[in-house]
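Since this is a predicted model, take the numbers as computed values, not measurements. Proteins get letters first, then strands, A, B, ... in listed order; numbering begins at 1 in each.
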Amino acid sequence: MENSKSFLSSAEKTLCRAFILLGVLALGWTFHKAPQRAWANLLIDNFYFLSLSLSAAVFISALYLTKAGWAVAFRRIPEAITAYLPYGIAIATISLFTGIKSLYFWTTPQGAANPHVIAKAIFLNWKAFVSVSLAAFAIWTFFIRKLISNSRIQDEERDVARTLKNRGVAAAYVLTFALSYSLIAIYWIMSLEPLWFSTLYPWFVFAGMFVNGFASTILLLLWLQKKGYYKDIGSAHYHDIGKMLFAFSIFWVYLWFSQYMLIWYENIPEEVTHFTLRSIGSWSYVFWPNVALNWLLPFLILLSVAGKKNPKTLFLAALISFTGHWTDLYLLIMPPIEKSGPVYGLPELFIFGGFIALFVLVFENAFRRAKPYPVGDPLLKESLALHE
Amino acid sequence: MPNKNLVGVFDSDEKMIRAAQKAKESSLPAFDAYTPFPIHGIDEILALKPSFLPKVCFVGGATGLLTAFSLQYWVHAVYWPMNIGGKSFTAYPAMVPICFELTVLFAGVSTFFGFLFSRGMHPFKTSPFWGLQTENDKFALVFELDSEEKAERISRLLNQEGALEIREINA
C-alpha cells in the first residue's frame, strides 16, 4: 500500500505556489529597496526552517536513543519535516556566501580593522565561516539521510536490525549535531554582533528551535488528522507531545532568563550591548512580548491536563510557539542590522509566507513517498496502544 | 477505609489489569491496587476519583512564591536597604531565582505531606498491605468487603484470573 495520494488538493498546491511567487516578488522588491533587510530576512526564514528540519531529526534520534514508543505512530511527520534540509542548505549556501559582506560587520574593511575583531580573526574569517558551514551541511545530510532511509527500508524488511542500526546513527547524529549547530549559531547569528559574546547563546538558539520542532509536528499532525490521516491517534498522544511542548517552552525561558539575568546583573559594557539594543527603546516592544509568546502563553494554555489533551488548545499553543519563535529569531538577527527600531511590514510577512508555502510543498512531497505509519517498526504496536 | 478487605496477589501486571477489568464488568469494582511501578490506565479501570494533590501543590507553590518575594522585598527595600552594583533596591530580576526555588521547594514538600495525609500515613504507622511483595515483583488488587456473599464472588473471580494468593486483610 503505497501512500501516493497527496493530502493537498490541486487548488491548495496552486495556492502554495502562488505564495512562493509572492514571497520571491517581495524578496526582489526588498533587494531593490533595502538589500540588507532582504539578506536578513532570508537568513531569518531559512535558518528557521533549516533548524526545524534539524530539530525534527533530533526528536527522531531522541526516540531511538531512549527506546521510546509513544511517538512512533506519527514519526513519519518529523521524518518528512527533515526533507527541507537540502532546500535549506541550498538557500543558505546562496544567501550566506553571497550576502556575507552585507550582513556581517566583521567582513567589512572597517569591521576587520576593529581590535576586537582582529583578536578573533582566527575564528572570524571568511574561510572559517564557509568551511565550518560546509562541514556542518555534510554532517547533517549524511546522518539524516541514514536515519530516514533506515526507517523506510524497515517498512519492507520488517526487521528489528534497522532499529538497532538507527540507534547508532542517532547517537552519532546528536553528538555531531550539538557541536556543528553550536558553531553555526555562533557564525551565522552571534557574529552579527562580533564584539559581543555569550557562552550560553548556541544552547539558547537550539532550545528555541527545538520547541519549534514540537510545535510544527503538532500543527502538521492536527492538520493531517483533519485531512483523514492518523485517525487512531488521540488524546494520549496529544497529552504526551503537549508535555514536550510545555516542558521545552519552559526550558527556553530558563535559558533566556539565565542569559538575561547574568548580563543584566554584571552590567559589563561589552556584554550588555546585546540587551541594551533590544530591551531599551523601540525594540523593547518586541523584546518583552517575545517572552510572553514563547513562554507565558503556552505555559498557561498547556498547564492543565485538559489543555494538553484538547486538540483546540493544543493547536493554539503550538501556533503561538510557531509564530513566537519566528519573533525570537527576528529579535536575534534584525536589531544589529536595523539599530534604530523594528522594521516589520509586507516584506517580512510575504517572505515568511513564501517560506511556509515552500516548506508545506516539500513536506507534502516527502510525506507522500512513504507510508504514513512506520509499519516495520517493532514499537509501532506499543505506540498505537498508548493510553494514559 | 473500610475494615475488611480482600486482596488478590498476581505475578504480572497484565493478569492484574485483566482481573480488575473483569471485576469492573461484573460490578465488583476493585478498591485499590498496589504495584511495583505505575501502571498506565489503572486509574480509569479502578474508577479512582482525581486526587486533591494538584490543589495542595498549587497552594504550596503559591505560598512559596509569596514567601520568597515578601522576604526579599522586605529585606532589600524596607529593613536593610543596600546598594548592590547601583541597582534599584527592588531589582526584580535578581529576585526571580529565589522565588523559583522556594516555589519548587514549598510545592514539593507540601505535595509530599499532602500525599501522606491523603493515604492516612505517618512515619510510625505500617500499612496493612505491607508484606505482599508489591514493592518487589507482585501486583495486589484490593477489594472492599461488605458481605460474605460478595467475598465468595470476588474470590471466585480472582481464582479464575490466576491470582497466586487471596488474602483477607483487616485494616
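- Using cut-offs of 30° and 60° on the angle between ring planes, the pair A:Y260 and A:F287 is tilted.
- Listed by first and then second residue, the ring pair (Phe, Tyr, Trp, His ring centres under 6.0 Å) pairs that reach into residues 73-96 of chain B are B:F69-B:Y73, B:W74-B:Y79, sequence neighbours excluded.
- Scanning for salt bridge (Lys or Arg N to Asp or Glu O under 4.0 Å) contacts around B:K138 gives an empty result, with sequence neighbours left out.
- Applying the ring pair (Phe, Tyr, Trp, His ring centres under 6.0 Å) criterion to A:W196, with sequence neighbours excluded, gives A:Y201, A:H274.
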Residue pair A:Y230, A:F74: steps toward the ring-ring contact (aromatic ring centres under 6.0 Å, His included) verdict: CA-CA 8 Å; A:Y230 296 125; A:F74 55 92; 7.2 Å; no
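- Against chain A, the residues from residues 94-105 of chain B that qualify, each with a non-hydrogen atom under 4.5 angstrom away, are B:A94, B:V96, B:P97 in number order.
- Within 6.0 Å of the CD atom in B:E25, the count of heavy atoms belonging to other residues, nucleotides or ligands exceeds 12.
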